[in-house]
Novice: 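My questions will all concern the structure given below.
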Amino acid sequence: MLKNFISGFFALTMLAAIVPVQPVSANGSAAPIVIDNVLDLCQNLLNHGDWLDDSGTCDAFTSTQTAATIVRLIYIRDDIILKNLNLTFLRPNSPFIIRDGGRLTIDGGHYTSPNCVVWIQYDNNSTPGYYVPTTTIQINSGVFEATVETMYSAEAPSPVCVSSRYPLTAAETASVINNYLPTGRRFVDVAPRLRTLQNSNAVSNEIPSDDGFAHTDKVEENRETIKYLKTTMVAVVGDEGQGGEEPVSEEPETPEPAKTEEPTVIIPKAPNTAIAR
């Protein structure tokens, strides 16, 4: 009996030793997982039985890789922060799907999709309306671009799309888009014609919305009526992101020391001692 107890206790001890422990934040919940390379992103998905590509492995990715082309949807099941990644999605529907209480924060980077990189699903069937958690992500900063090539997506060439149960007016759409971001953050138009963030204002002033269609899944014919921003590229910035590039501080020039002229040395001529003949 004692032998069986010791064996069981030893097995439990070994199991506890090999099971990874999530770091715990101050509020008692697991700390967010910061992902700043493609290999870590792939391994996080693999831990939950999902894949980043069709191979079902992470062999194609490295820990120094920050850019990748994605052919599958990304299911978020942990509290994850994507930091400064460059991801290009090939499927036209929402690239990020929140599952099992997962949370996603985007903190910098460039994210490209045929359309609707930021898919805002808003339920206006109640008062007040609310953002549907399965598509809600927090965006602190980043650039989002739509590269429209398919037949139906050409009607909504935008990286930011709003889907609601009932139609939204232009004013309601602007409110939904503006309130989607954290306090102090906003969308600005950075399509190539602007070149810079300088003089870009809030989305409601600079980027009008329109009605169109966007894909809801990989079948091209399955589309949904949406509101979308009439631009192909936006950035999420705050007050510190306005005004273009930060001025480069130049080092003050150190004046060269004044040159001291060397005194001119005059060598007297030797006396003429030649004897006249």
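Predicted model only: the values in this text are computed from it and were never measured.
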Novice: What donor-acceptor contacts under 3.5 angstrom involve side-chain atoms of residues 80-88, with partners at least two apart or in another chain?
Specialist:
| from | atom 1 | to | atom 2 | distance (Å) |
| --- | --- | --- | --- | --- |
| Lys83 | NZ | Asp107 | OD2 | 3.3 |

Novice: Does any pair with a residue in residues 60-77 pass salt bridge (charged side-chain N to carboxylate O under 4.0 Å, His left out), and if so which ones, sequence neighbours excluded?
Specialist: Asp50-Arg77, Asp54-Arg72, Arg77-Asp100
Novice: Tell me whether the rings of Tyr131 and Tyr180 are parallel (<30°), tilted (30 to 60°) or perpendicular (>60°).
Specialist: perpendicular
Novice: Tyr228 and Phe213: aromatic ring centres closer than 6.0 Å?
Specialist: no
Novice: Is it possible for you to say whether Ile70 and Leu39 belong to one hydrophobic cluster, with membership spreading through side-chain heavy-atom contacts below 4.5 Å?
Specialist: yes
Novice: With the 4.5 Å side-chain cut-off for hydrophobic clustering, are Ile33 and Ile74 part of the same group?
Specialist: yes
Novice: Quickly, which of Thr232, Leu90, Thr112, Val117 forms a side-chain contact (heavy atoms from CB on, under 4.5 Å) with Thr147? Name it, please.
Specialist: Thr112
Novice: To the closest 0.5 Å, what do you measure between CG (Leu41) and CD (Gln65)?
Specialist: 10.0 Å
Novice: Indicate whether any N or O donor in one side chain lies under 3.5 Å from an N or O acceptor in the other, for Asn140 and Gln138.
Specialist: yes
Novice: Give a yes or no on whether Val132 and Ile97 share a hydrophobic cluster (residues Ile, Leu, Val, Met, Phe, Trp, Tyr; joining criterion: side-chain heavy atoms under 4.5 Å apart).
Specialist: no
Novice: Let me confirm one number: the CG-CD1 distance from Asp189 to Ile207, rounded to the nearest 0.5 Å.
Specialist: 4.5 Å
Novice: Before giving the answer on side-chain contact (heavy atoms from CB on, under 4.5 Å), spell out for Thr135 and Ile120 the whole-Å C-alpha distance, their side-chain angles and the decisive distance to 0.1 Å.
Specialist: CA-CA 6 Å; Thr135 59; Ile120 303 174; over 6 Å; no
Novice: With sequence neighbours left out, what residues match Asp53 under salt bridge (charged side-chain N to carboxylate O under 4.0 Å, His left out)?
Specialist: none
Novice: Tell me, which pairs form a side chain to side chain donor-acceptor pair (under 3.5 Å) where one or both residues lie in residues 30-42, sequence neighbours left out?
Specialist: Asn37-Asp40
Novice: Between Ile106 and Phe144, is a side-chain contact (heavy atoms from CB on, under 4.5 Å) present by the stated rule, with each step listed?
Specialist: CA-CA 11 Å; Ile106 293 181; Phe144 304 87; 4.0 Å; yes
Novice: Between side-chain atoms of residues 164-177 and protein atoms elsewhere (two or more places apart, or another chain), which donor-acceptor pairs fall under 3.5 Å?
Specialist:
| from | atom 1 | to | atom 2 | distance (Å) |
| --- | --- | --- | --- | --- |
| Ser164 | OG | Tyr166 | O | 2.6 |
| Tyr166 | OH | Asn125 | OD1 | 3.4 |
| Thr169 | OG1 | Glu172 | N | 3.1 |
| Thr169 | OG1 | Glu172 | OE1 | 3.4 |
| Glu172 | OE1 | Thr169 | N | 2.8 |
| Thr173 | OG1 | Thr169 | O | 2.9 |
| Ser175 | OG | Asn179 | ND2 | 3.2 |

Novice: List, by chain and then residue number, the residues other than Trp51 in its hydrophobic cluster (Ile/Leu/Val/Met/Phe/Trp/Tyr, side-chain heavy atoms under 4.5 Å); write none if there are no others.
Specialist: Leu46
Novice: Take Ser163 and Trp119, measure what side-chain contact (heavy atoms from CB on, under 4.5 Å) needs, and give me the verdict at the end.
Specialist: CA-CA 8 Å; Ser163 171; Trp119 186 284; 4.1 Å; yes
